[in-house]
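Only one structure is covered here, and it is reproduced in the block below.
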Amino acid sequence: MTTVTDSEVLRDALGLLRDREEVAERLLASSAKHSFDPDKELDWDAPFEDGKWFWPPELLSLYDTPIWRKMSEEQRQELSRHEAASLGSLGIWFEIILMQLLVRHIYDKPVTSNHVRYALTEIADECRHSMMFARVIQKGGSPTYPVPRLYHNLARVLKTVSTTPGSFAATLLGEEILDWMQRLTFPDDRVQTLMRGVTRIHVVEEARHVRYAREELRRQMVTAPAWERELTRVSCGEAARVFSTCFVNPQVYENVGLDRREAVAQVKASGHRREVMQNGARRLTDFLDDIGVLRGVGRRLWQSSGLLA
């Protein structure tokens, strides 16, 4: 990949890069039309419906494993409640990290630019999303599921040393896989109405966040120095490995009465689970491959994460 100067046309394997201010202007217009207040948009007082899932069964980690076949329908739906809480907890953790990375990104940029205005708009969106996830976890009555202390503290390092392209690559990792799953969730009438509402709001607003991050990452992978691009490849691969490790907290299995070790082993051996995770990541990995992120050590780390075949 060749780095260009500011006087040249910015282009990558996907074509011409759009003007940064023009992209942000369109996203600001979309935000004005399609933003939601979850506290007002969703019926938080309505009880959960009997016999409905909190997450589509096919997206649950144990689906179609030997343990799954022995579980009662009630226990499977209880697993869905806890896995939804685990994913919500992971989402909050990621969004808090991403908000800090966005603030760092705009710290030295013109405060009246559309680019900065949209970043601040996205931060406001993420604040609402984190509060929404926390509220649905609390209403569901399950515990929160924090990531392991090691990864919680490693994220402190990431927030300190992350490069700009590394920050946007991490943003896409945290958003696109869950977005794929949520696009299957909100139209699914087997799922609790409140969960469908939560995922619908998140999908609509995250579409803008993904567009913003993709455009900026494309720009950075053209303009950043070679060492920064290489560091981005490695840090993105390591983030993928951590993300896949933390996707479902193993405490979930104990809390629904299963043997933790056996459940974790069956998830790791599950061809269905591997296919779900790779399908969820495919749109992202195709994009990262096109713009030169999935190379060398970074690609091998992605493969070790199970998110890339």
Side-chain angles (χ1 to χ4, degrees), residues 18 23-42 54-56 59 83-103 105-106 114-115 117-137 167-188 191 194-218 236 239-240 243-244 246-247 276-277 279-288 291 307:
R18 296 173 179 82
V23 169
E25 183 178 15
R26 291 178 180 178
L27 294 175
L28 284 166
S30 177
S31 297
K33 294 179 181 178
H34 305 292
S35 291
F36 305 94
D37 180 348
D39 287 339
K40 297 177 180 177
E41 183 78 16
L42 303 173
F54 286 77
W55 204 244
L59 299 182
E83 285 207 19
S86 180
L87 288 171
S89 301
L90 179 69
I92 294 169
W93 178 66
F94 244 94
E95 288 185 338
I96 290 172
I97 294 170
L98 300 183
M99 285 187 275
Q100 294 177 70
L101 293 176
L102 276 172
V103 169
H105 171 62
I106 63 176
N114 289 334
H115 187 73
R117 285 180 56 212
Y118 181 73
L120 293 170
T121 301
E122 180 170 330
I123 291 166
D125 290 346
E126 300 292 23
C127 284
R128 292 194 305 274
H129 295 170
S130 294
M131 291 187 289
M132 176 175 69
F133 291 161
R135 189 170 181 181
V136 79
I137 291 169
S167 297
F168 282 98
T171 297
L172 291 170
L173 173 65
E175 291 178 342
E176 292 215 33
I177 298 173
L178 283 172
D179 180 74
W180 178 83
M181 290 187 170
Q182 290 173 334
R183 287 178 185 273
L184 297 176
T185 301
F186 78 80
D188 191 335
V191 176
L194 179 61
M195 294 301 301
R196 294 173 65 192
V198 165
T199 53
R200 178 181 62 85
I201 288 173
H202 200 244
V203 162
V204 170
E205 297 189 340
E206 287 295 320
R208 300 191 292 266
H209 304 176
V210 168
R211 170 73 185 281
Y212 184 75
R214 280 183 170 231
E215 293 291 334
E216 190 59 31
L217 181 56
R218 286 180 63 194
C236 181
F243 184 78
S244 64
C246 297
F247 205 76
V276 164
M277 297 302 288
N279 284 343
R282 183 162 291 120
R283 184 170 176 267
L284 172 59
T285 53
D286 286 350
F287 170 73
L288 295 178
I291 65 171
L307 298 174

Subject >> Steps toward side chain to side chain contact (heavy atoms under 4.5 Å, CB included) verdict (Ile201, Leu42) >> reply: CA-CA 10 Å; Ile201 288 173; Leu42 303 173; 4.0 Å; yes
- Counting N and O atoms only, with roles assigned by atom type, does the side chain of Ser30 sit under 3.5 Å from a partner on the main chain of Arg26, one being a donor and the other an acceptor? no
Smallest heavy-atom separation, Ala119 atom then Ile106 atom, equals CB-CG2, 3.5 Å
message: Contact between Glu122 and Leu98 at the side-chain level, heavy atoms closer than 4.5 Å - yes or no?
response: no
Ring pair (Phe, Tyr, Trp, His ring centres under 6.0 Å) filter on His209, not counting sequence neighbours, yields His129
Interatomic distance, CE@Met132 vs CD1@Ile137, rounded to 0.5 Å, equals 11.0 Å
In this structure, OG1 of Thr185 is separated from CZ of Phe54 (nearest 0.5 Å) by 13.0 Å
Note: Ala213 and Phe168 closest approach over all heavy atoms is CA-CD2, 3.5 Å
Item to check | Test item: Gln182 and Met195 side chains (from C-beta on) under 4.5 Å apart, heavy atoms | outcome: no
Flag side-chain contact, heavy atom, 4.5 Å: Pro38 against Met131 = no
Nearest heavy-atom contact between Arg196 and Asp188 is CD-O, 3.1 Å
* To do: Measure the shortest side-chain to side-chain distance between Arg183 and Glu206 over non-hydrogen atoms and say whether it is less than 4.5 angstrom.
  => no
Salt bridge (charged side-chain N to carboxylate O under 4.0 Å, His left out) filter on Glu41, not counting sequence neighbours, yields Arg200
* To do: Begin with the C-alpha distance, continue with both residues' side-chain angles, and end with the deciding distance and a verdict on side chain to side chain contact (heavy atoms under 4.5 Å, CB included) for Leu217 and Leu288.
  => CA-CA 9 Å; Leu217 181 56; Leu288 295 178; 3.8 Å; yes
### Message
So Leu59 and Trp180, do their side chains get closer than 4.5 Å, heavy atoms only?
### Response
yes
Here the gap from Cys236 atom SG to Leu284 atom CG, rounded to the nearest 0.5 Å, amounts to 7.0 Å
Discussion item. Quick check: do Val191 and Thr199 have side-chain heavy atoms less than 4.5 Å from each other?
Written reply: no
The ring pair (Phe, Tyr, Trp, His ring centres under 6.0 Å) partners of Phe243 (sequence neighbours excluded) come to Phe94, Phe247
- Message: Between Arg208 and Ser35, do the side chains contain a donor N or O and an acceptor N or O under 3.5 Å apart?
- Response: yes
In this structure, CD1 of Ile291 is separated from CG of Asp286 (nearest 0.5 Å) by 12.0 Å
If you define the side chain from C-beta out and look only at heavy atoms, does anything of His115 sit under 4.5 Å from Tyr212?
yes
Residues at least two apart in sequence or cross-chain that pass salt bridge (charged side-chain N to carboxylate O under 4.0 Å, His left out) with Arg282, listed by chain then number, are none
The reported gap from OG1 in Thr171 to CG in Leu102 (rounded to nearest 0.5 angstrom) is 5.5 Å
dist Ile123:CD1 -> Leu101:CG (nearest 0.5 Å) comes out at 10.0 Å
Residue pairs passing the salt bridge (Lys or Arg N to Asp or Glu O under 4.0 Å) test with at least one member in residues 126-137, sequence neighbours excluded, are Asp39-Arg135, Asp125-Arg128, Arg128-Glu205
Residues Leu307 and Ala240: closest non-hydrogen pair is CD1-O, 3.9 Å
Correct closest heavy-atom pair for Leu172 and Val210 would be CD2-O, 3.8 Å
Contacts of Glu175 meeting side chain to side chain donor-acceptor pair (under 3.5 Å) (sequence neighbours excluded), chain-then-number -> none
Looking only at heavy atoms, the pair that brings Glu176 and Arg214 closest together is OE2-NE, 2.9 Å
